[in-house]
*Asks:* 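So that we are looking at the same thing, I have put the structure below in structure tokens.
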Amino acid sequence: MHAVRRLVDLRPGGTATVVSLAAERGLRARLEALGLRPGQTVQVLRRGWWSGPLHIRVGMTELMVRRRDAACVALAA
Amino acid sequence: MNTLALLGMPNTGKSTLFNRLTGSHAQIGNWPGLTVELMQAEVTLAGRPWQLVDLPGIYDLRGHSGDEAVVRRFLETTPVDLMLVVLNASQLDRQLRLALQVQKLGLPALVVLNMADEARRFGVQVDPRALEAALGLPVVLTSAKYGGGLGTVREALAVALKHGAETEGPGPIPSPRPVQQLESRLQAIDPQLDGALAALLQAGVTLPQQWRDRWTRRLDAVLLHPVLGLPLFFGAMALMFQLIYAIGVPLQEGLGTLLDLLGQHALKPLLAPLPPFVSGFLLEGLYQGIGTVSAFLPVIFLFFLAMGVVEDSGYLSRAAYLMDAFMERLGLDGRSFVLALMGFGCNVPAILGTRVMRDQGLRLLSMLIIPFSLCSARLNVFLFMAAAFFAPRQGALVIFGLYLMSFVAAVLTALVFRGRFASQEPLVLELPPYRLPTLTQMFTRAWAEVRHFWFWARRFIIFGVVAVWLLNNLPLGVEPASAQSLSGQLGTALAPLLDPIGINPKLTVALVFGFIAKEIVLGGLAVIYGQADPIALSRAIAAEVSWPQALSFMLFTLLYTPCLSTVAVIRSESKRLGFTALSVGWSLGLAWISCFVLYQGLAWLGWR
């Protein structure tokens, strides 16, 4: 079972705090530059059709993130 | 001349600010050591001329994308007197990091907080004075889109530049030096950034407790709806194209007739004293060819205008979101879709746009599908041919069918090649709030795009129509465009290849020159058939060509290599000759096979 809650598991409307990013360097840098860094609060606004990307909000920025990439983001339980 | 550089994240209005500061007299400049071209322009500040360079939008000076490498290379090779760091004032919670990187590197800088209007709308309160004190750099608040605070930016720039000169003592401004050991210094700075950012935000920025942009929230609920989203998007696109044709086509026809009247009644008598070969060359070659093409400029202008509105409103990023799931299954992503969509204007900037992709496989696959986007140059040909061969309602259906084929060809290409150009690139994109573009902004932009288009196209067009005319009228004394002329010989030579797909020798010549640019196809046809007036030209072609042949000609025009510029840019962006050959060969092959199936299929059904 998954002990760690990940961004990809968050239901639409749900809010949580980012704990860590288990991503490769390039993705990590991009996520952090867009504001998705440990300690920040993130909210999932909607999930795309046909396993499409997540529409999320972090700080004053709204982003689309693929589910595969959102699986790298660990959230506080 | 000394250099100023604009640095900022994507989606901060950096280019709008650049245009405002330079009055859009920008040109494309080549920089030593850089493989890409940057926009630059001369501006006068503090009584001296400066070179202002617009650097590509980047997220992080330490980032791993191609654009980020370009900016690092620029800083390492070019001495910059002052950096203008442009930030989106409503997103300072993350964007101030970039300003901090510049500050900690010790580069002379002015921080411009743009989109002040948006920050106000969303309830973000910014205190520029406090930020200035905390950063130790001059900070100004502006809204480049509406021109508010632009005078302040100019003043601050002048002050910063004078200040730079005074601290160095009197005399000419000393040349600053490029940044040394950039990467290791950036790495050393990194651990300090988080703390510094928190302190800065504490000092000068108040974030709202709640998201205030209710408009964006409500629009997204509909436009990004899981079921309604895509139909709405494609509906909006179809409506947009309908509108462009409804306004553009009558304009184009009127302009074409007007240009022809001018040629027949003003130019012809004027050129009459010249020898027939020379006057024929000037009137039937140059004037008719260029006239036929320039009549389409209104349609192109409207197209760029509409695309600009869609892009600047924020809807295009939503298209990337909506289409990503589908594109992912083709081995592509939402950005490839947006770029292919931009390719409907012109393929060249769309291919340049693939620079935002890091993964080479993804980039190459995107470059392979973009040339199938039905660009405005091809649209000229289709609008003309559809009007010549079909009743208005059928014609609209034919054009729609060609758009559909453009889509099918791109999907097919991706399916065939996704294994060969596989990629694992992650995708994280910003979805900006919806914005209302201003009228001036839109018109300036569309105008600049049309000028750019014309600047590139006219060289090819002039060369093309001149060459076509010469081929038609040489050797001296032949009946123009007859089987004895050079073009007739060329058409006959290629007949074994193109006869099975229903393309006659005259159309063959137009296609051969269409390889250079599709703009030449129509100008070439005007020259080949000796008719400038669009209506007379369409009658002349329709007298010789059947509608299945015309369809095959259009389909071939859609699928084979768009133009020499596209080939050149694929070559320079992929840096691979083999890949370029694959792109050209695949599209030619696909064009021939599709046309063969279409033409022979129609013939089998009894239509020829």
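Chain naming here is simple, since letters A, B, ... match the order of the sequence lines and numbering starts at 1 in each.
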*Asks:* Between A/Leu54 and chain B, which part of the residue has a heavy atom less than 4.5 Å away: side chain, backbone, both or neither?
*Replies:*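 Interface part for A/Leu54: backbone (N, CA, C, O).
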*Asks:* Side chain from CB out, backbone as N, CA, C, O: work out which of these in A/Leu31 comes under 4.5 Å of a heavy atom of chain B, or both, or neither.
*Replies:* side chain
*Asks:* Does any non-hydrogen side-chain atom of A/Val65 lie less than 4.5 Å from one of B/Leu427?
*Replies:* no
*Asks:* Can you tell which part of B/Leu230 gets under 4.5 Å to a heavy atom of chain A, answering side chain, backbone, both or neither?
*Replies:* side chain
*Asks:* Given a strict heavy-atom distance threshold of 4.5 Å, which part of A/Arg68 is in contact with chain B: side chain, backbone, both, or neither?
*Replies:*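 Only the side chain of A/Arg68 comes within 4.5 Å of chain B.
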*Asks:* So which bits of residues 94-102 of chain B come within less than 4.5 Å of chain A, counting non-hydrogen atoms only?
*Replies:* B/Arg94, B/Arg97
*Asks:* Below 4.5 Å from any heavy atom of chain A, which atoms of B/Val124 appear? Answer side chain, backbone, both or neither.
*Replies:*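 It is the side chain, since no backbone atom gets that close.
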*Asks:* Could you look at B/Glu118 and say if it's the side chain, the backbone, both or neither that has a heavy atom under 4.5 Å from chain A?
*Replies:* neither
*Asks:* Could you have a look at B/Glu328, B/Gln91, B/Met323 and say which one has the most heavy-atom pairs with chain A under 4.5 angstrom?
*Replies:* B/Glu328
*Asks:* Between the side chains of B/Arg217 and A/Glu62, is the shortest nitrogen-to-carboxylate-oxygen separation below 4.0 Å, so that they form an ion pair?
*Replies:*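 A salt bridge links A/Glu62 with B/Arg217.
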*Asks:* Side chain, backbone, both or neither: which part of B/Arg329 has an atom under 4.5 Å from a heavy atom of chain A?
*Replies:* side chain
*Asks:* Looking only at heavy atoms and a cut-off of under 4.5 Å, which of B/Leu92, B/Leu224, B/Leu207, B/Asp220 has the most pairs with chain A?
*Replies:*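 Winner by heavy-atom pair count: B/Asp220.
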*Asks:* On a heavy-atom basis, which atom in B/Ala325 and which in A/Gly52 lie closest, and how many Å separate them?
*Replies:* CB-CA, 3.7 Å
*Asks:* Can you run down the side chain to side chain donor-acceptor pair (under 3.5 Å) pairs that involve residues 36-46 of chain A, sequence neighbours left out, and say none if there aren't any?
*Replies:*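 Sorted pair list: A/Arg37-B/Asp194, A/Arg46-A/His55.
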*Asks:* When only heavy atoms count and the cut-off is under 4.5 Å, which of residues 13-26 of chain A reach chain B?
*Replies:*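 Checking residues 13-26 of chain A against chain B gives A/Glu24, A/Arg25, A/Gly26.
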*Asks:* Working note: A/Leu63 + B/Leu429, criterion side-chain contact (heavy atoms from CB on, under 4.5 Å); need CA distance, chi angles, decisive distance, verdict.
*Replies:* CA-CA 5 Å; A/Leu63 306 172; B/Leu429 283 185; over 6 Å; no
*Asks:* If we check salt bridge (Lys or Arg N to Asp or Glu O under 4.0 Å) with A/Arg30, which of these qualifies: B/Glu430, B/Glu68, B/Glu425?
*Replies:*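 Passing option: B/Glu68.
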*Asks:* Does any N or O in the side chain of A/Trp49 come within less than 3.5 Å of the main-chain N or O of B/Leu322, such that one atom is a donor and the other an acceptor?
*Replies:*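 Yes; judged by distance alone, with no hydrogens or angles, the pair exists.
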*Asks:* Among A/Leu27, A/Leu36, A/Ile56, which residue satisfies the side chain to side chain contact (heavy atoms under 4.5 Å, CB included) criterion with B/Val428?
*Replies:*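 For B/Val428, the side chain to side chain contact (heavy atoms under 4.5 Å, CB included) test succeeds with only one of A/Leu27, A/Leu36, A/Ile56, which is A/Leu27.
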*Asks:* For B/Leu436, is the CG atom crowded, meaning more than 12 foreign heavy atoms sit under 6.0 Å from it?
*Replies:*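 No.
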*Asks:* Do B/Pro208 and A/Met60 touch side chain to side chain, with heavy atoms closer than 4.5 Å?
*Replies:* yes
*Asks:* Counting only non-hydrogen atoms closer than 4.5 Å, does B/Asp93 touch chain A with its backbone (N, CA, C, O), its side chain (CB onward), both, or neither?
*Replies:*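 Side chain of B/Asp93 only, per the 4.5 Å heavy-atom cut-off to chain A.
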*Asks:* Heavy-atom distance under 4.5 Å between the side chains of B/Asp333 and A/Arg66, does that happen here?
*Replies:* yes
*Asks:* Chain A heavy atoms under 4.5 Å from B/Met9: which part of the residue, side chain, backbone, both or neither?
*Replies:*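 B/Met9 touches chain A through side-chain heavy atoms alone.
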*Asks:* Do A/Leu34 and B/Tyr59 come close enough that some side-chain heavy atom pair is under 4.5 Å?
*Replies:*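 A/Leu34 vs B/Tyr59: side chains touch.
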*Asks:* Restricting to ring pair (Phe, Tyr, Trp, His ring centres under 6.0 Å), what partner residues turn up for B/Tyr315, sequence neighbours left out?
*Replies:* B/Phe233
